[in-house]
Asks: 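Mind having a look at this structure? Questions to follow.
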Amino acid sequence: MIQEALQEIQRGSAEIIDNERIEKLLKAYFEEGKSYTVKAGFDPTAPDLHLGHTVLLHKLATFQKYGAYIQFLIGDFTAQIGDPTGKSETRKKLLPADIAKNAESYKEQVFKILDPEKTEVVFNSEWINPLGASGMLELTTTFNVARMLERDDFEKRYKGGISISISEFIYPLLQGYDSVHLNSDIEIGGTDQKFNLLMGRHLQRAYETGKEQAVLMMPILEGLDGIQKMSKSLGNYIGVEDAPNDMFGKVLSISDELMWRYYELLSAKSIKEIEVIKAGVADGSLHPKKVKEDLAQEITARFHSQEAAAEAKAEFNNVHAKSQIPTDMDDFELDGPLWIAKALQECKLEPSTSQARRDIKQGAVKIDQVKVLDEQLQLESGAYVLQVGKRKFARLKVK
RNA sequence: GGUGAGAUAGUCAAGUGGCCAACGACGGCGGACUGUAAAUCCGCUCCCUACGGGUUCAGAGGUUCGACUCCUCUUCUCACCA
């Protein structure tokens, strides 16, 4: 029982530090019913969650299944600094009202996966603000610059001649201090968070809390391209708020290789079930497309509903397998007569008339399923279905 | 505080007076092929109803018939020294 729980907890993880502690906590739960805390921090600047974020949420849900109490931390204070991880941009200051709003939308999205009964949402400004200058100073004495520079991305930036702001040094310290305050037993995060996560251990020791949190790191989920991490700014993401059709279509567009990754990190199926599917594809008894469809359906159903997922699947096959027109698309109404390039731009199918012309030249534009050859074409009044490429559609009524 | 180097399109990165809307790579988009996959091949990739015009190479001035390229100042970044 404990072993099985441990296996599901370890599933897909990139690295675990202090595995024995996790084992002990599980043991205490199974034998004495004692619960424990698992902390995970989130940035209030990005309330639009995508599947990349849900990797962590799934892991948290697994922990909940095995007795954990989740400390869902919203880093409203630390957001003012900006996590040095990845790109360095100066963050805009968030107004308290915005943070509250973002936190609300977090809850809405997060509780599709997490059990609210076993979750506490906390904000770190609550205890960092009272720290004051002297508390902050004390915090900085627990660490030194040389060790700070050991951090991978600091080192890279330092050697690569990219600036590092002093405030960025504070970020890991504060994140670690959160663990001190919350007295967390385990903290989970992405592999890119390793340094910050370890800081929690360091500070729990420095502040003599009598424990050092175990750390579980999840790999960063690759985006739709399969190479770069899933992120909104790269546009390779599947948002949890995406419409069922989009969600389904996006999952289906990933590569076969990536599909297994998604299964491991996002599916609710057990490790054993996935092994069976894998074997099926390997010996040819299961078509990879079918397997991918199942995954797409599972994910779509999670964030919408079973029915919506089934509809999305039907719609998808209709549009793409039989190359028919989708039932759902944006409507526009414009005055005619209208130049085709302008129409495409107005319907948001193209960013500029220049781009529209190029695409017409390349045979990418269709009106009512018929390829447009004349880039000077004028649209008279009537109703049209405009299409660019394979997936961009719009319905246009010309007056 | 001193000295030196640098800032080019989504990113990286050529170009050091006209041949530059600016090589190339990546990304992105489109086409072929498919399972709307991947891989591969081909085309496109600042804007504008366009065999032409407009606005670009950190910002502001200047030199010149002409500047991304030369000069001055400003802003930002980095390295070395303190």
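This is a predicted model, so every value here is computed, not measured. Convention: sequence-line order gives letters A, B, ...; per-chain numbering from 1.
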Asks: Rounding to a whole Å, what distance do you find between A/Phe248:CZ and B/rG35:P?
Replies: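 Taking CZ of A/Phe248 and P of B/rG35, I get 16 Å after rounding.
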Asks: Before accepting this row, confirm whether a basic side-chain N of the pair A/Glu104/A/Lys101 lies closer than 4.0 Å to the acidic partner's carboxylate O.
Replies: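 The answer is no: the pair does not qualify as a salt bridge.
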Asks: What's the gap between B/rA9 and B/rU63 when it is taken at their C1' atoms, as a whole Å value?
Replies: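 Those two atoms are separated by 28 Å.
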Asks: Across all strands, who's sitting opposite B/rU40 as a Watson-Crick or G-U wobble pair, both distances under 3.5 Å?
Replies: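 Partner of B/rU40: B/rA32.
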Asks: Distance-only, no hydrogens or angles: does the A/Asp335 side chain make a donor-acceptor pair with backbone N or O of A/Lys399 under 3.5 Å?
Replies: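 Not confirmed, A/Asp335 side chain does not pair with A/Lys399 backbone.
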Asks: Would you indicate what A/Lys292 reaches in the nucleic acid, counting non-hydrogen atoms under 4.0 angstrom: base, sugar-phosphate, or nothing?
Replies: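 Here A/Lys292 touches the bases of the nucleic acid.
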Asks: Nearest whole angstrom, please: distance from the C1' of B/rA38 to the CD of A/Glu222.
Replies: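 It works out to 15 Å between those atoms.
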Asks: Summarise how protein sits on nucleotides 44-52 of chain B as a single string, 5' to 3': B when a protein heavy atom is under 4.0 Å from the base, S for sugar-phosphate-only contact, - for no contact.
Replies: SS-SBBB--
Asks: Would you tabulate the pairs of protein nitrogen or oxygen atoms and nucleotide nitrogen or oxygen atoms of nucleotides 21-26 of chain B closer than 3.5 angstrom?
Replies:
none

Asks: Is any side-chain heavy atom of A/Val398 less than 4.5 Å from a side-chain heavy atom of A/Tyr384?
Replies: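 Result yes, sub-4.5 Å side-chain heavy-atom pair found.
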Asks: What is the separation between atom CD on A/Glu350 and atom P on B/rG30, rounded to the nearest whole Å?
Replies: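 For the pair A/Glu350 CD and B/rG30 P, the rounded distance is 9 Å.
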Asks: When you compare B/rG6 with B/rU69, how far apart are their C1' atoms, in angstrom units rounded to a whole number?
Replies: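 Per the computed distance, 15 Å lies between those C1' atoms.
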